[in-house]
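Report on the following structure.
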Amino acid sequence: MIATNRMGFLEHDSWITVELQHSLAANSESFSFRGNVTIPSLNSGLANVEQPDLSTADLDLLKKLALGNEFYRLKATVVYSNGAKAQFITSNKACRLLQAQLNDVLWVSLEPSGYVTGITVSQDTAPATIECTQEDVNKLLETQFSTDVLIRHAELAPVPDTAGFIQKVEREREARERGEVRDNRGFFAKYWMYIVPVVLLVFISGATNQDGAKKKKKK
């Protein structure tokens with residue numbers, strides 16, 4: 001993932017556009033245009049997808065990838081409403097894409113501030129076989145991608161109300177200082193921290209004196 005020109009937080013409900021490019025050759029860094037995705041509202045999650053038909057040459061390259069059990073790679077360039085950009089690359093087996101008749105799902109993961117943290121592509125249907133044969137390739141009838149866009153919002157973990165607890169302690173302290181809160185505890189409950197050390201000291205001193213007396217009797 002490559003992210004550039006990131007600027008602060010987005011508005012509460014913003015929009016993004018995603019340009020899709022794919023690589024139809026194994027071990028190649030060359031990507032060609034596939035289509036555009038527009039998400040006018042990140043909260044609603046509705047998306048407009050525009051993807052032209054694949055040319056005969058592109059279809060042949062995709063079939064070659066599937067027969068070679070190679071990966072189909074997709075590059076997604078996100079453009080935010082504030083001008084920031086981010087780029088993501090995801091991949092999947094080309095064989096699975098052909099078996100799904102060019103139907104795929106584009107998952108867009110968002111962080112709470114509205115920025116995209118990841119884009120992945122997958123297929124809903126389970127593959128019929130692990131590898132594609134010529135017969136599987138010949139079954140491809142579609143010439144255009146059909147893409148469902150799903151937005152996944154990150155959930156914030158619960159945060160302890162530390163500020164509220166501190167304020168409560170402060171209010172109780174101020175009330176005690178003003179005499180508004182009366183301490184109805186018993187004598188021992190109030191002063192146990194002073195009584196216990198004295199009792200322990202007396203107990204230890206008494207035990208020491210008994211040991212000394214026993215030693216004198218033995219002599």
Side-chain angles (χ1 to χ4, degrees), residues 1-66 70-125 127 132 137 140-154:
M1 190 248 332
I2 303 171
T4 57
N5 299 331
R6 183 161 173 158
M7 311 175 194
F9 284 73
L10 295 175
E11 296 177 1
H12 176 65
D13 187 16
S14 189
W15 57 265
I16 61 171
T17 60
V18 184
E19 180 183 343
L20 302 177
Q21 295 178 303
H22 54 189
S23 178
L24 299 174
N27 302 320
S28 174
E29 297 301 322
S30 177
F31 287 82
S32 57
F33 178 77
R34 167 174 156 170
N36 283 315
V37 177
T38 303
I39 304 176
S41 170
L42 295 176
N43 285 339
S44 68
L46 299 177
N48 300 319
V49 184
E50 296 181 359
Q51 298 179 115
D53 288 345
L54 292 171
S55 65
T56 303
D58 286 345
L59 284 171
D60 290 340
L61 289 173
L62 187 57
K63 293 176 181 179
K64 184 177 179 181
L65 279 179
E70 300 288 350
F71 280 93
Y72 168 83
R73 290 177 296 152
L74 183 70
K75 181 190 293 184
T77 302
V78 180
V79 180
Y80 301 98
S81 59
N82 63 359
K85 292 183 179 181
Q87 194 174 91
F88 304 88
I89 295 179
T90 179
S91 62
N92 202 0
K93 285 287 187 178
C95 178
R96 290 202 60 184
L97 188 57
L98 260 67
Q99 290 174 343
Q101 292 293 317
L102 304 185
N103 292 306
D104 57 8
V105 179
L106 199 68
W107 289 90
V108 181
S109 300
L110 297 176
E111 63 181 23
S113 63
Y115 284 96
V116 178
T117 57
I119 292 181
T120 56
V121 64
S122 63
Q123 278 74 44
D124 281 338
T125 57
C132 281
V137 170
L140 179 63
L141 303 176
E142 299 296 330
T143 60
Q144 185 182 40
F145 288 99
S146 177
T147 303
D148 292 324
V149 179
L150 299 178
I151 295 180
R152 188 160 37 196
H153 293 269

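Both backbone and side-chain heavy atoms feed into the values below; hydrogens, waters and symmetry mates do not. Everything quoted here is computed from the prediction, not taken from an experiment.
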Legend entry - Leu54 side chain reached by Gln144 side chain, heavy atoms, under 4.5 Å: no
Inset, instruction - Would you check if Thr120 and Arg152 make a side-chain contact, meaning some heavy-atom pair closer than 4.5 Å? - result: yes
Legend entry - Side-chain heavy atoms of Leu110 within contact of Val116, under 4.5 Å: yes
Inset, instruction - Would you list the pairs meeting salt bridge (charged side-chain N to carboxylate O under 4.0 Å, His left out) in which at least one residue belongs to residues 42-55, sequence neighbours left out? - result: none
Legend entry - With sequence neighbours excluded, residues passing side-chain hydrogen bond (donor to acceptor under 3.5 Å, both in side chains) with Asn92: Gln123
Inset, instruction - Check the side chains of Ser23 and Glu29 for a donor-acceptor pair under 3.5 angstrom, ignoring hydrogens and angles. - result: no
Legend entry - Salt bridge flag under 4.0 Å for residues Lys93 and Asp104: no
Inset, instruction - Ignoring hydrogens and angles, state whether a donor on the side chain of Ser81 or Ser14 is under 3.5 Å from an acceptor on the partner side chain. - result: yes
Legend entry - Within the 6.0 Å centroid threshold, strictly below: His22 and Tyr72: yes
Inset, instruction - Please name the residue in the list Val78, Val49, Val149, Asn36 that meets the side chain to side chain contact (heavy atoms under 4.5 Å, CB included) test with Val18. - result: Val78
Legend entry - Side-chain (Gln101) to main-chain (Leu141) donor-acceptor, under 3.5 angstrom: yes
Legend entry - Option among Ile39, Asn48, Thr38 that satisfies the side chain to side chain contact (heavy atoms under 4.5 Å, CB included) test with Thr17: Thr38
